[in-house]
Number of protein chains: 2
Amino acid sequence: MAENREVTIYDIAKHLNISAATVSRGLNNNPAVSKNTRKRIAEAALKLGYQSNTFASSLRSKSTHTLGVLVPRLNSHFMSSVLAGMEKAANKHGYNLIIAQSLEEAQNEKLNADTMFNKRVDGLLISLSYDTRTLDHLEPFFKRNIPVVFFDRVHPHASSISVVINNYDAAYKVTSHLIEQGCRRIMHLGGNVLRNVYKDRFDGYRQALKDHDLPFQEKWHWVSALSEEDGTAAASHILDMPASKRPDAVFSANDTSAVYCMMALKAAGFHIPDDIAFAGFNNDPISKVIEPNLTTVDYSGETMGDIAVNNLINHLKGVSNLFSTNSITLRANLIIRASSLKGSRQ
Amino acid sequence: MAENREVTIYDIAKHLNISAATVSRGLNNNPAVSKNTRKRIAEAALKLGYQSNTFASSLRSKSTHTLGVLVPRLNSHFMSSVLAGMEKAANKHGYNLIIAQSLEEAQNEKLNADTMFNKRVDGLLISLSYDTRTLDHLEPFFKRNIPVVFFDRVHPHASSISVVINNYDAAYKVTSHLIEQGCRRIMHLGGNVLRNVYKDRFDGYRQALKDHDLPFQEKWHWVSALSEEDGTAAASHILDMPASKRPDAVFSANDTSAVYCMMALKAAGFHIPDDIAFAGFNNDPISKVIEPNLTTVDYSGETMGDIAVNNLINHLKGVSNLFSTNSITLRANLIIRASSLKGSRQ
DNA sequence: TTGTACGCGTTATCAA
DNA sequence: TTGATAACGCGTACAA
């Protein structure tokens, strides 16, 4: 039976009758080591089955090449696209990702942030939970100047950067589009206005109404978690209204609740978009499957993840001081589909 | 300006006039330390802003409380559900996840496996890439007895465990169901048969045909990556056939390509299920949105992730030796919806 | 170009 | 119940 001890640089050193220091330098391609010994070291490492011990190295070098990623939920189309983009970018630069989810609870967010700090991630990428109210739990990072990048669900902070889309503008455009289609009574299915994404979408919606001289009614702002069930519930709510009081359009802050609201209304005999027009947000795969296809706002999660990670890593490497800016705003596009095109009866 | 040095257990020790060893024990809730000193240590730690350094600890204790997760792609509905289940289970036991994607390439899989080994993950959870042919790249893990759990896309290995569903059985049931609906010419949209999930689904399909005395034709086995585009292409392929040669049912190995195939055929004037019936696999959100709703196979990614992690952690903790078994098969259910119910014209 | 010697922050061993 | 001390594996001044 083979000994179960790790193969270390000392084993390589002994094997080649050189010092461990030289081995260490050789493995790190330090040019101070002669080409020849570097080659011999590499060969010996392979032969002995050496695998570097990352955290012994981290302990000395104070850098882990690991980034922490903290998100509300892992299982949404948008978030998994973001993660895919992040992983790809991180991998390209030799970084790894530790990923955790807060499950929309500030308390979990704090616990996970602490763990990541204890694992000494080189940087943190975070999208805030539904009910996070302060950034106190990130103080350890701020205090030790570990860079924090906020994305999507952000919170302003002096020494951090945010990667976002212009939610206000996108919502303004969606709402204006619905108004241009002749809609006058536009309901908004929104999320918790504590989060910028939902507050900004709501604000954009309201401003568009205002700019078109349309009144806003508090009862048309239906706040929920924007789940499938919430979409269905919103439909019931609409069905419960007297016919004359019903909205003639719905702008939902995500596609899921838009689609489930549509399906329930269709089942109740409504014709979309003629009886009621629809627009969502996210360009989720279901938006291209529902009939009629859902008008929505498209923005790339992969790009958001890529940009967030690249900025973080550039900052870490000192390549650029992009943290001198406060936020990066990515492009978001209104995608007009049949669900909001009045008179285009199919 | 504060010194930028870490707060260590030595600082706490000095502060309390006790030894670092005691502090270490106290922080780890070692019962050998008196309740009182444990309390004083905790207070001092808080006061001094101490944050434990995980990898200094790992270096000594030879355990990282970190699990590696290696998947083909992060951004699919199924995979993100699995990850959500894994993260939840891991977090509950105080473990963290390092997540990487192979992007369906064996080469990336190897690189990522090496990195994870170097980061000394306590265990590895892996779903194989599209073209992985051997497990050579996992040898470092096997050699050092670091447990490996395969899930979904697995490969038999003596000292590892697999968490799967019975793909063969599910596909057999789907196909039998289509046959019972009167379908006789059933096409199969499949994936690379190098992977168990696609091979088993294909085998189950073929066996069902055989058991019902239906001939199998090689041209009805359409292999692709099962993307949206592949689904659309399959539809073109069907449309290119002479009407009399066309299949009367399609069983796709995932919902995405089933749905896109359906949409293209619907656009071409086909009525589903009367002209051609459909069944998919995965119970993806789009399967409940397409009209008619798609018959599919439902199995919980979250459960698969949960089971995989729990087994791994139990094994690590020595709580159970579940690795004595070779594989765990989770429930998968045939969900019959309108897309395969002939004669149920709506 | 290479070697010596030490320290990173923690835990394990042994002794008290 | 606590303390002194030696590791864990690696990187880096400094010296040679």
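Just so it is clear, the values below take in all heavy atoms, side chains as well, and ignore hydrogens, waters and symmetry mates. Residue numbering restarts at 1 for every chain, and letters A, B, ... go by the order of the sequence lines.
Using a cutoff of 4.0 Å between basic side-chain nitrogens and carboxylate oxygens, A:Glu43 and A:Arg38 are not scored as salt-bridged. Ion pairing of B:Arg153 with B:Glu104 is present here, as a side-chain N (NZ or NE/NH1/NH2) and a carboxylate O approach within less than 4.0 Å.
Here C:dT10 presents its P atom at 7 Å from CD of B:Glu6, a figure rounded to the nearest Å.
Listed by chain and residue number, nothing satisfies the ring pair (Phe, Tyr, Trp, His ring centres under 6.0 Å) test with B:His77 (two or more places apart in sequence, or in another chain). Annotation: side-chain hydrogen bond (donor to acceptor under 3.5 Å, both in side chains) contacts of B:Arg73 (sequence neighbours excluded): none. Partners of A:Lys110 according to the side-chain hydrogen bond (donor to acceptor under 3.5 Å, both in side chains) rule, which considers only residues two or more places apart in sequence or in another chain, are A:Asp114. Partners of B:Asn108 according to the side-chain hydrogen bond (donor to acceptor under 3.5 Å, both in side chains) rule, which considers only residues two or more places apart in sequence or in another chain, do not exist here.
A 4.5 Å side-chain heavy-atom check between A:Phe151 and A:Ile307 finds every atom pair outside the cut-off.
Nearest heavy atoms, A:Leu59 versus B:Asn53: CD1-ND2, 4.4 Å. Nearest heavy atoms, B:Leu138 versus B:Ala113: CD2-CB, 4.1 Å.
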Output a table of donor-acceptor pairs, distance under 3.5 Å, between side-chain atoms of residues 20-32 of chain B and any protein atom two or more places apart or on a different chain; print 'none' if there are none.
residue, atom, partner, partner atom, Å
B:Thr22, OG1, B:Ser19, OG, 3.1
B:Asn28, ND2, B:Ser24, O, 3.1
B:Asn30, OD1, B:Ala32, N, 2.8

Solution key, residues 155-164 of chain B side-chain donor-acceptor pairs under 3.5 Å, sequence neighbours excluded:
residue, atom, partner, partner atom, Å
B:His157, ND1, B:Ser159, N, 3.3
B:His157, ND1, B:Ser160, OG, 3.1

Would you tabulate the side-chain donor-acceptor contacts of residues 89-100 of chain A under 3.5 Å, counting partners in other chains and residues two or more places apart, or write 'none'?
residue, atom, partner, partner atom, Å
A:Asn91, ND2, A:Glu87, OE2, 2.9
A:Asn91, ND2, B:Asn112, OD1, 2.9
A:His93, NE2, A:Asn310, OD1, 3.0
A:Asn96, OD1, B:Lys119, NZ, 3.4

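Heavy-atom distances under 4.0 Å link DNA chain D to B:Ala32, B:Val33, B:Ser34, B:Thr37 of residues 32-40 of chain B, given in residue order. Heavy-atom distances under 4.0 Å link DNA chain D to A:Thr8, A:Ile9, A:Tyr10, A:Ala21, A:Ser24, A:Arg25, A:Asn28 of residues 7-31 of chain A, given in residue order. Residues from residues 56-68 of chain B that place a heavy atom under 4.0 Å from any atom of DNA chain D, listed by number: B:Leu59, B:Arg60, B:Lys62. The stretch residues 45-54 of chain A has no heavy atom under 4.0 Å from DNA chain C, so no residue of it qualifies as close.
Applying the 6.0 Å contact sphere to CD of A:Gln107 captures no more than 12 heavy atoms from other residues, nucleotides or ligands.
Scanning DNA chain D 5' to 3' for nucleotides with an atom closer than 4.0 angstrom to a non-hydrogen atom of chain A gives a first and last hit of D:dG9 to D:dA13.
For A:Thr37 and A:Ser34, the side-chain atoms include at least one donor-acceptor pair closer than 3.5 Å. In this model, no donor atom of one side chain and acceptor atom of the other lie less than 3.5 Å apart for A:Ser129 and A:Glu105.
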